[in-house]
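See structure below.
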Amino acid sequence: MASTKRPSTALPKSISRKPLIGWREWVGLPQLGVDQIKAKIDTGARTSAIHAFKIRALTDGGVPHVSFRLHPVQRRKTPEIECVAPVHDRRRVRSSNGEQQMRYVIRTPIILGAHEVLAEVTLADRDQLGFRMLLGRELLRTHFLIDPGRSFLAGSPQTNSTAEQMAALPSE
C-alpha cells in the first residue's frame with residue numbers, strides 16, 4: 001500500500017519570522033520629525049513614496065540635499081512639517097495614472113510597529129490622493145508579510161518622540 005504523505009503546512013523559517021501587516025498601517029519617520037502617518041501598503045508600487053510639496057534642491061557642505069514640506073494627516077493642511085534630507089538619487093517614476101516624472105529619492109528610517117527599516121522614498125505631490133504615504137514592494141518583500149484583508153496590525157509606531165523623551169526625564 002502506497003503511503004500518502006501530507007504536505008507540510010509549516011511556513012519556511014524565512015517567512016515565519018517576518019511580521020504580519022495589513023493593507024494600511026501607521027508609520028513613523030523619526031528623521032523627518034513625523035511621529036505617525038497613515039501609509040497604504042502597495043505591492044504594485046516598486047518604491048515607497050511620501051507626499052511632499054515646496055520641494056527645493058540645496059547643498060549642505062557640498063552634499064546635495066532637498067528641502068520639502070509635508071502634511072502627515074490625510075485630507076488636512078495642518079500640521080505642516082518642514083523636512084531636509086540628503087538626496088540619494090533622482091529617478092524617473094511612472095505614477096499610477098501612467099505618467100512619468102522625475103522625482104527626488106531620499107533614504108530614511110521607517111518605523112512600522114516595533115520594526116525600523118531603512119527605506120528609499122520618492123517625493124511626490126500626493127495631496128489629492130487618499131494616502132499621504134505608500135510603502136512599496138522593495139521595502140516590503142524582505143521585511144514583512146501582508147494580510148490584505150486586515151488593517152493596522154502593527155499598531156502605532158514605537159518612536160522616541162521629543163515629547164516622550166522629555167516626559168522620561170526626571171523632574172527637578
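Scope of the values below: all heavy atoms of this structure, side chains included, with no hydrogens, waters or symmetry mates.
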Only counting residues at least two apart or in another chain, list the ones meeting side-chain contact (heavy atoms from CB on, under 4.5 Å) with Ser48. Val121, Leu135, Leu139

Side chain to side chain contact (heavy atoms under 4.5 Å, CB included) evaluation trace for Ile37 with Ile50: CA-CA 10 Å; Ile37 185 170; Ile50 192 163; 4.2 Å; yes

Checking Lys77 against Glu80 for the salt bridge (charged side-chain N to carboxylate O under 4.0 Å, His left out) test, could you report, in this order, the C-alpha distance in whole Å, the side-chain angles of both residues, the deciding distance, and whether it holds? CA-CA 7 Å; Lys77 299 292 184 189; Glu80 182 175 298; over 6 Å; no

Looking only at non-hydrogen atoms, find the nearest pair between Thr122 and Arg103 and report the distance. OG1-NH1, 3.1 Å

Hey, are Gln74 and Arg76 close enough side-chain-wise for a donor-acceptor pair under 3.5 Å? no

Count I, L, V, M, F, W, Y as connected when their side-chain heavy atoms are under 4.5 Å apart, and connections chain through other members. Are Leu123 and Val93 then in the same cluster? no

Please assess His71 against Phe53 for the test ring pair (Phe, Tyr, Trp, His ring centres under 6.0 Å), listing each intermediate value before the final yes or no. CA-CA 9 Å; His71 297 129; Phe53 61 100; 4.5 Å; yes

Is the backbone N or O of Pro86 less than 3.5 Å from a side-chain atom of His88, with the two atoms forming a donor-acceptor pair by type? no

Distance col, row Asp60:CG vs His65:NE2, nearest 0.5 angstrom, shows 4.5 Å

Which pair of non-hydrogen atoms, one from Arg92 and one from Gln100, has the smallest distance, and what is that distance? CD-OE1, 2.6 Å

Taking all atoms of both residues into account, what is the closest heavy-atom pair of Tyr104 and Ala57, and its distance? OH-CB, 3.2 Å

Is it possible for you to say whether Val117 and Leu32 belong to one hydrophobic cluster, with membership spreading through side-chain heavy-atom contacts below 4.5 Å? yes

Is Val34 reachable from Ile106 through a run of hydrophobic residues whose side-chain heavy atoms are each under 4.5 Å from the next? yes

With Glu120, which of Arg91, Arg107, Arg46 fulfils side-chain hydrogen bond (donor to acceptor under 3.5 Å, both in side chains)? Arg91

In one Ile/Leu/Val/Met/Phe/Trp/Tyr side-chain cluster, 4.5 Å: Ile110, Val87: yes

Apply side chain to side chain contact (heavy atoms under 4.5 Å, CB included) to the pair Phe144 and Glu25, showing each step before the final yes or no. CA-CA 12 Å; Phe144 301 99; Glu25 292 288 346; over 6 Å; no

In terms of hydrophobic clusters joined by side-chain contacts under 4.5 Å, are Met133 and Val73 together? no

So does Thr43 get a backbone contact from the side chain of Arg137, meaning a donor-acceptor N/O pair under 3.5 Å? yes

Kindly state each residue pair satisfying ring-ring contact (aromatic ring centres under 6.0 Å, His included) with at least one member in residues 110-132, sequence neighbours excluded. Trp23-Phe131

Could you grab the distance from atom CZ of Arg132 to atom NZ of Lys40, nearest 0.5 Å is fine? 15.0 Å

Looking at Ile41 and Leu140, what are the two nearest heavy atoms and their distance? CG2-CD1, 3.4 Å

Give me the one residue out of Leu70, Thr108, Val66 that meets side-chain contact (heavy atoms from CB on, under 4.5 Å) with Cys83. Leu70

Shortest non-hydrogen contact from Val27 to Pro157? C-CG, 3.4 Å

Quick check: do Phe152 and Arg24 have side-chain heavy atoms less than 4.5 Å from each other? yes

Give the minimum heavy-atom separation between Gly113 and Ile111, together with the two atoms involved. O-CG2, 3.5 Å

Please check if atom CZ in Arg94 has more than 12 non-hydrogen atoms from other residues, nucleotides or ligands closer than 6.0 Å. no

Taking His51 for the side chain and Arg126 for the main chain, is one N or O donor matched with an acceptor at less than 3.5 Å? yes

Measuring only between side-chain heavy atoms, which start at C-beta, is Leu20 closer than 4.5 Å to Ile146? no

